[in-house]
Amino acid sequence: MSVDKATVAKIASLARIKVSDAELEAIAPELNQILAWVEQLGEVDVTGIEPMTAVIPNTLRLRDDVVDADPLTGGGRGDAVLANAPAAEHGFFGVPKVIE
Amino acid sequence: MTDLTELTVAAIRTGVASGDFTAREVAEGFNANVAGAQNALNAFIVTTPDKALAAADAVDADRAAGKVLGKLAGVPIGMKDLFATHGVQTTAASHILEGFKPQYESTVSQKLWDAGAGMLGKLNLDQFAMGSSNETSYFGNVISPWRRNDGGNAALAPGGSSGGSSAAIAARLCPAATGTDTGGSIRQPAAFTGISGIKPTYGRCSRWGIVAFASSLDQAGPMARDVRDCAIMLEAMAGFDPKDATSLDLPVPAWEAGLSADLAGKTVGIPREYRMDGIDADVARSWEDGIAWLKDAGAQVVDISLPHTKYALPCYYIIAPAEASSNLARYDGVRYGLRDLPDGAGLQDMYAATRAAGFGAEVKRRILIGTYVLSAGFYDAYYTQAQKVRTLISHDFKNAFTECDVILAPTAPTAAFALGEKSGDPLEMYLNDVFSVPASLAGLPAMSVPAGLNREGLPLGLQIIGRPFDEQGVLNAGLAIEQRAGFVAKPDIWWK
């Protein structure tokens, strides 16, 4: 499978990365080279093989069902959460208007 | 007086504890080396000399008060700038995180400070740990302290992604550093710079507070000058953390106390698929040396087969970008980091402009590949197929470990290359990880130790891969090689 400029533009849009027309020209052949190379995986017989889900067997744990079980990741830390925001206003993240 | 910056972690710890010198003297020595090399090597993104001194003073005060000292008391270290450090800029070497000051400390770095270590600074790396030469950092290339013996003084790659860590240790800017390894990012830079580094079993070190690249592969580990120092560091870094869903709930073994270079009764496997056509002659020779050294240490050596080896790299370059495209979706210009808001732009335009301005070319390339292989219609052909091949690669290792205890292989296909030599061709750069990626896909502990110099006077590394949870076996085989390789070479100090 190979990708053309229009496909790369579609992928970039899905990935929310603005890409200029000139960049599309450069990226498309690079992606094609990489995709052509990874396609050799198609020749591997994977009949009856399960896809890997956990590389080292582990059990998924549930944390204790209590408020602020871990104070670092619990609530009540609004200032810390907003400390690195490019635009924090009135205790919220500021963003451009999203409804007309 | 001894140059304290020539001492290993073990020697610093012992010297501080016995009062031969103070932790402050050690920190001052390394602070001076860091400052003296920053312009030439660019190993650090930010330096934190005051943090190193403060930690040292606390250790000296504890010792004066007769308190019990930690495992790393008085040892100043470098912290890869992928670990969140409270109040200290953490960038993953990206523009999009420039100026980001975490409000919390990563689990691994906190454990190191709790053990008495101090921070010399945040080490440079490939942007979001994506690269094998440290050429994708937004903050400039790291220059290896090593040079070829041809008198040409070409600037060489320190390896990647933990290139700041490897360069800093080789140049004696720190006795040890943290690294992270997704497809070889601890082992390959260690090999390129003549130092040691171990990636433990997936889940040994908490990923909490480490900037995520590919979560099913990312694993932290130590880099240092020798095997013992790696064991000391790893003991401090590892351990169960409820904040990481994939953290292993196992006790941390006493790896340092368990070190033994006697390999009697052990079997070492030599994977025949790693003997690739056109293998570098010096690399092949150092592999032969390694086999002889392990036999000398009492081990039996057998040929083994890892039949899916050739598919490991393409498998990795589907899975890692897929996970990266998902993980890096969080950088949107809303909650932290860079925001690029063109005039009159809406929310979607802001996302796209911010990510275009904030990510480097290699990061964008991997996000795009990842987005493509996960997109509707292609998911099964690429991603599901890669995850099935990953299962087969893991089975290969499981089968091999019925015949051997550890596997010996080169760490990288060549010694360090020059900056710019491979950066024009992404695929050629990816091929540098051919020997390190398979163990990552299988989540296995693996380490690189220096084996000798090639004909250009550059270090070569040997890689030992072990069974899940058998870091001890890996470290012990590493120690057996270290004792026989007698590697004492170090770069000339040309940067002062």
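Letters A, B, ... are given to chains in the order of the sequence lines, protein chains preceding strands, and every chain is numbered from 1.
- Residue contact with chain B, scored on non-hydrogen atoms closer than 4.5 Å, involves the side chain of A:Glu30 exclusively.
- B:Ser94 has its side chain out of reach of B:Val363: every pair of non-hydrogen atoms, C-beta onward, lies at least 4.5 Å apart.
- B:Val434 places a side-chain heavy atom less than 4.5 Å from the side chain of B:Met276.
- Residue A:Arg63 does not touch chain B at all, counting heavy-atom pairs closer than 4.5 Å.
- Of the atoms belonging to B:Ile319, not a single heavy atom falls under 4.5 Å from chain A.
- Highest contact tally toward chain A, considering only B:Thr354, B:Leu444, B:Val373, B:Ile369, is held by B:Ile369 [criterion: heavy-atom pairs under 4.5 Å].
- Contact count versus chain B (heavy atoms, under 4.5 Å) is highest, among A:Ala26, A:Pro51, A:Ala15, for A:Pro51.
- Interface remark: B:Tyr316 contributes no atoms to any contact with chain A (heavy atom separation under 4.5 Å).
- A donor-acceptor contact under 3.5 angstrom links the side chains of B:Thr182 and B:Asp218, judged on distance only.
- With a 4.5 Å cut-off on non-hydrogen atoms, A:Leu41 touches chain B through its backbone and its side chain both.
- Contact annotation: the side chain of B:Tyr311 approaches that of A:Gln40 to within less than 4.5 Å [non-hydrogen atoms, C-beta and beyond].
- A 6.0 Å sphere centred on CD of A:Glu43 holds more than 12 heavy atoms belonging to other residues, nucleotides or ligands.
- Listed for the B:Asp249 side chain is no donor-acceptor partner under 3.5 Å among the backbone atoms of B:Phe240.
- You'll find the side chain of B:Asp380 stays beyond 4.5 Å of the side chain of B:Gln385, heavy atoms only.
- Considering only heavy-atom pairs separated by less than 4.5 Å from chain A, the leading option among B:Thr384, B:Leu328, B:Leu347 is B:Leu347.
- Among A:Leu14, A:Ile34, A:Thr59, A:Thr7, the residue making the largest number of heavy-atom pairs under 4.5 Å with chain B is A:Ile34.
- Among the candidates B:Tyr336, B:Phe359, B:Tyr383, B:Phe469, the residue making the largest number of heavy-atom pairs closer than 4.5 Å to chain A is B:Tyr336.
- Shown here is A:Lys5, whose NZ atom has more than 12 heavy atoms of other residues, nucleotides or ligands within 6.0 Å.
- With a 4.5 Å cut-off on non-hydrogen atoms, B:Leu368 touches chain A through its backbone and its side chain both.
- No other option in B:His308, B:Gln348, B:His395 has as many heavy-atom pairs under 4.5 Å with chain A as B:Gln348.
- Side chain of B:Glu273 to backbone of B:Leu306: a donor-acceptor contact under 3.5 angstrom is found.
- Among the candidates B:Met350, B:Lys101, B:Lys364, the residue making the largest number of heavy-atom pairs closer than 4.5 Å to chain A is B:Lys101.
- In this structure, the portion of B:Lys243 lying under 4.5 Å from any heavy atom of chain A is its side chain and not its backbone.
- Among A:Val46, A:Asp79, A:Asp45, the residue with the largest count of heavy-atom pairs under 4.5 Å with chain B is A:Val46.
- Looking at A:Leu35 and B:Tyr317, their side chains never come closer than 4.5 Å, going by heavy atoms from C-beta outward.
- From B:Ser247, atom OG reaches atom CZ of A:Arg61 across 6.0 Å, with rounding to the nearest 0.5 Å.
- Side-chain contact between B:Phe397 and B:Pro438: present, with at least one pair of heavy atoms (C-beta onward) separated by less than 4.5 Å.
- Chain A forms the most heavy-atom pairs under 4.5 Å with one residue out of B:Arg355, B:Arg335, B:Arg339, B:Arg390, and that residue is B:Arg335.
- Taking CG from A:Asp21 and CD from A:Glu23, the interatomic distance works out to 10.0 Å, rounded to the nearest 0.5 Å.
- Only the side chain of B:Asp425 has a heavy atom closer than 4.5 Å to any heavy atom of chain A.
- If you measure heavy-atom distances from B:Leu97 to chain A, you find no contacts under 4.5 Å at all.
- Contacts of B:Ser216 with chain A are made by backbone atoms alone, with heavy-atom separations under 4.5 Å and no side-chain atom involved.
- Comparing A:Val19, A:Ile49, A:Val95 by heavy-atom pairs within less than 4.5 Å of chain B, the highest count is held by A:Ile49.
- In this structure, no portion of B:Ala357 lies under 4.5 Å from any heavy atom of chain A.
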